[in-house]
Amino acid sequence: MSDVFISYSRKDQVFARRLFESLTQEQFDSWADWDDIPYSSEWWQQIQRGIEAANNFVCILSPSYIESKICNDELAYARQLGKRIIPVVRREFMQGGQYLPEIRAELFGKPWLNVLDENVREIGKINYIFFRKKKGYDCQFDEVTRRIVNPDCDGVESDADDFAASFSNLLNTLHEDPQHTQQHTTLLIRAQEWEQANRRADRLLHGKDIAEARQWLAEWIQDEQRRSAENPPRAPKQPVPADLHRRYIHASVARRTTSRLLSIAAAVIILGVISAVVVLQRGASQNSIQIQQTAAASTLTAAVSARDDETQATLTTFAQSSAATNAAVALVVGEGLAEEIFVVNTAQLPVYGDEDTTSPVITTLIIETAIDLAEPVEAARQKFGREGDWIAVAVPAMGGMAFGHVQAQFISAQTRLTDRGFDAYVGTLRRVNPPSGYFALWADQEALGLPDPFDYLPVRISDQTALANVRINGFGPNTFALRNWQRWYSRIGGLHNGLDVIVPTGTPVVSLCNGLIISDWVFMANPEEKSLIVWCFLPNDSDMSSVLVAYTHLQNNTLFEHLDYVEAGQVIGTTGSPAGTIGNDHLHLEVHLLTGDVTLPNQRTPRRLLKELDREQPMDNNTPWNPALFFTPRIINLIENQLDTTGFGGTLPAYPTSEMLTTVGAAHLSDLGVFSVAYYRYRCTVYWEADYAESGCYASAVDLRAKLATFPPWLPYPYDSVEANAES
């Protein structure tokens, strides 16, 4: 762990060393990358570790810093982690609220400009510390040696601002709230270790560490409450707890509660067993039995006495329950596989400033949103679902948190399957290895403009039993398509152009990526269908990707407005049935890849997903690709196993046999299986591995990577262009 991470441009390296040495003299342990090595993933990981382990992030601002993608990446990562950022200005880079003209020229056309704009906007809320230099002391940078050839350019005589006075301001900032800052770093490092270990329970906090972490977070929230009530409100206390801090602390608390319940459960089971033994072993030594009973009772007493206020009622009820043994068994079986969270149970829920519906509305929460309580858990739990009561909540706001109240009847407890529970179930399944074409696709992620692979199911599942019972109709010439051959699928070569996830109506639907809602899509030219599109962002969250995720047969698609931003895992609607049908509850999911193939005819069909962007966005977007290709391997493993396990309707295979194809006159259709890849506009052309039979609809079968290589490179589509085009 270090006190300070120094982020700087190579053209400011002389000043960076001056600052480093001055901090060292003041007993500050500073971290700076002095090795001038080419960018690589290993090098970037070292930089990230340095930022993570530093209590403070000092960025030396100058035109060269602003023009550097790497410097901006470092600053963006520090912001993501909630680090205390201290902007130090060595050379001015703005004039009249605009970048200097020479900077604008240098930045023209850079794809990461949005990252820079966000960085500058956020650090603009922080007081700069000025170490400016005089004019005429320009540093000469040798591009070959990557060194300053006239080091006097950043010496003491070059300072326009008083270095000693500015450095004193820097020290004062570094000395603010040292305990809060150090705890932020310590918890962040431990939380990241927990994430990297797939959230293993042994990496969570224990004992007094939990109490200290909760106190640290509570003090920040209380300070934020006071800050938000001031007029004008002061800047949030730095550093700000990141989302990872909250997840880690909440998971540790949940684990501790479960562990204590398990201790009680074990003691109850032991007592129950001993009682049975007393009956069966009438000849046993009374002294021996009493010793065993005393030991078990001590275990129970210790577990109960170790409780805190938050779990007191639950533990007392559990210990006194006549069904304690059964409850203990249930806890042991389900340990760590599900978690209780508190969620909104109505479509739209206003958050009011006071406990009064006539007070100002701070924000509106949608159904299935998880809430952060701003009052004790037990106190809130007693109010859930009760009309007339109010619950204090904390909600995200610009620069921190806002605090308000919601009506208690619209909040309820819900159990959700954890990542650990999901992985535990998938771990019991047959391992599926994606074919080579899958890895070829993701090897070209940047060139093709793909987002990160989807690591969620498109629907929210509550427990392992529900997960095991999810049925899926796969992409391509599956048995579902075969059943409807004459009605729908004969004209598109027997291809089902998405995945069907068969779940009850009202099941929450989640976004598979960070993206924008496109709400004007009419599925299959049927205006009665309720549908949604999510246009995914690239991993940088500033440019749009080439991927459109389409959801249809929805019950509710009104939770968001057109072009609203949503995040991966966020609920965006609820499932329903195809319009005009009963008992066919399912979600239909499609993925369309904007290939960049500008030679394709720009036909206007009801399936065109980006109608409003016809002129600025010429790429084909009628093209459904196999959704399975866009998920991570663990989700693919689940999808294929569920296809094999549940089949179609629970009785037929997911994909038809050759005999079944022949029966409907579709013998020319090869069984491409779950990894079929279709690229068509209602005229079937399928691309996958070259060893498939070339006949009928598949006469043009080619290797997937070879086909993708024929597409022009993807050019990022700026988010700003989406907004501007929509407004016009």
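Position 1 is the first residue of the sequence; numbering continues from there. Values below: all heavy atoms of this structure, side chains included; hydrogens, waters and symmetry mates excluded.
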side-chain hydrogen bond (donor to acceptor under 3.5 Å, both in side chains) between Q348 and T364: does it pass, once the steps are laid out? CA-CA 6 Å; Q348 305 258 332; T364 300; 5.1 Å; no
Tell me, do [X] and [Y] make a side-chain contact under 4.5 Å, heavy atoms counted?
X: E157; Y: K134; value: no
X: K83; Y: L188; value: yes
X: F93; Y: I103; value: yes
X: L516; Y: M544; value: yes
X: L107; Y: W112; value: yes
X: H405; Y: V351; value: no
X: V344; Y: I371; value: yes
X: I6; Y: W31; value: no

Set of salt bridge (Lys or Arg N to Asp or Glu O under 4.0 Å) partners for [X], sequence neighbours left out:
X: D209; value: R190
X: D564; value: none
X: D152; value: none
X: R17; value: none

Please report the interatomic distance [atom1]([X]) to [atom2]([Y]), rounded to the nearest 0.5 Å.
X: I366; Y: L349; atom1: CD1; atom2: CG; result: 11.0 Å
X: Q46; Y: D33; atom1: CD; atom2: CG; result: 8.0 Å
X: N514; Y: Q570; atom1: CG; atom2: CD; result: 9.0 Å
X: S64; Y: L61; atom1: OG; atom2: CG; result: 10.0 Å
X: R49; Y: I189; atom1: CZ; atom2: CD1; result: 10.0 Å
X: F537; Y: D452; atom1: CZ; atom2: CG; result: 13.5 Å

CA sep, side-chain torsions, deciding dist, call: N72, Y77, side-chain hydrogen bond (donor to acceptor under 3.5 Å, both in side chains): CA-CA 8 Å; N72 276 278; Y77 190 62; over 6 Å; no
Please check if any side-chain donor atom of D29 sits under 3.5 Å from a side-chain acceptor atom of S2, or the reverse.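 Absent: no donor and acceptor within the cut-off.
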[X] side chain to [Y] backbone, donor-acceptor under 3.5 Å:
X: D162; Y: A164; result: yes
X: H245; Y: A242; result: yes
X: K69; Y: D73; result: no
X: D455; Y: T632; result: no
X: R84; Y: E176; result: yes
X: Q25; Y: S22; result: no
X: W216; Y: Q183; result: no
X: T186; Y: Q182; result: yes
X: T173; Y: N169; result: yes
X: R18; Y: V14; result: no

Which pair of non-hydrogen atoms, one from [X] and one from [Y], has the smallest distance, and what is that distance?
X: I47; Y: F5; result: O-CE1, 4.0 Å
X: D354; Y: S359; result: N-OG, 3.2 Å
X: K11; Y: I148; result: O-CD1, 3.8 Å
X: I129; Y: L170; result: CD1-CA, 3.6 Å
X: Y99; Y: M94; result: N-CE, 4.1 Å
X: A213; Y: L205; result: CB-CD1, 3.6 Å

Any chance you could lay out the side chain to side chain contact (heavy atoms under 4.5 Å, CB included) test for I86 and C59, step after step, and finish with the verdict? CA-CA 6 Å; I86 306 175; C59 50; over 6 Å; no
Sort out for me which residue in Q238, E219, K237, H184 forms a side chain to side chain contact (heavy atoms under 4.5 Å, CB included) with D177.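 The option that passes is K237.
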Taking only residues two or more places apart in sequence or in another chain, which ones pass ring-ring contact (aromatic ring centres under 6.0 Å, His included) with [X]?
X: F454; value: F631
X: F20; value: W34
X: F410; value: none

Going by disulfide bond (SG atoms under 2.5 Å apart), name the residues that satisfy it together with C536, two or more places apart in sequence or in a different chain.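 Disulfide bond (SG atoms under 2.5 Å apart) list for C536, sorted by chain: C513.
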Once disulfide bond (SG atoms under 2.5 Å apart) is applied, do any residues pair with C71, and if so which ones, sequence neighbours excluded?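 For C71, no residue satisfies disulfide bond (SG atoms under 2.5 Å apart) once neighbours in sequence are set aside.
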Only pairs at least two apart or in different chains count here, so list each disulfide (SG to SG under 2.5 Å) that has a residue in residues 152-229.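 Every pair satisfying disulfide (SG to SG under 2.5 Å) with a residue in residues 152-229: C139-C153.
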Is it the case that over 12 heavy atoms from other parts of the model lie below 6.0 angstrom from the CD atom of Q95?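 No.
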Atom OH of Y456: over 12 foreign heavy atoms under 6.0 Å: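 Not buried by this count: 12 neighbours or fewer within 6.0 Å.
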State whether R121 and D117 are salt-bridged, where the test is any N-O pair (Lys NZ or Arg NE/NH1/NH2 against Asp/Glu carboxylate O) under 4.0 Å.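 No salt bridge links R121 with D117.
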Would you list the pairs meeting ring-ring contact (aromatic ring centres under 6.0 Å, His included) in which at least one residue belongs to residues 350-382, sequence neighbours left out?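 Non-adjacent pairs meeting ring-ring contact (aromatic ring centres under 6.0 Å, His included): Y352-W390.
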Tell me if the centroids of the rings in Y65 and Y8 come within less than 6.0 Å of each other.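 Distance test on ring centres: not under 6.0 Å, no.
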Quick check, are the ring centers of Y565 and F560 under 6.0 angstrom apart?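 No, they do not, as the ring centres are separated by 6.0 Å or more.
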Does the side-chain hydrogen bond (donor to acceptor under 3.5 Å, both in side chains) test come out yes or no for N55 and T181, once each step is laid out? CA-CA 6 Å; N55 293 330; T181 304; over 6 Å; no
Should the pair F167 and F163 be assigned to parallel (<30°), tilted (30 to 60°) or perpendicular (>60°) ring geometry?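 Parallel: the ring planes of F167 and F163 meet at under 30°.
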If you look only at pairs with a residue in residues 85-98, which of them pass as a salt bridge (Lys or Arg N to Asp or Glu O under 4.0 Å), with sequence neighbours excluded?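 Only D12-R91, R90-D154, R90-D159, E92-R132 qualify under salt bridge (Lys or Arg N to Asp or Glu O under 4.0 Å).
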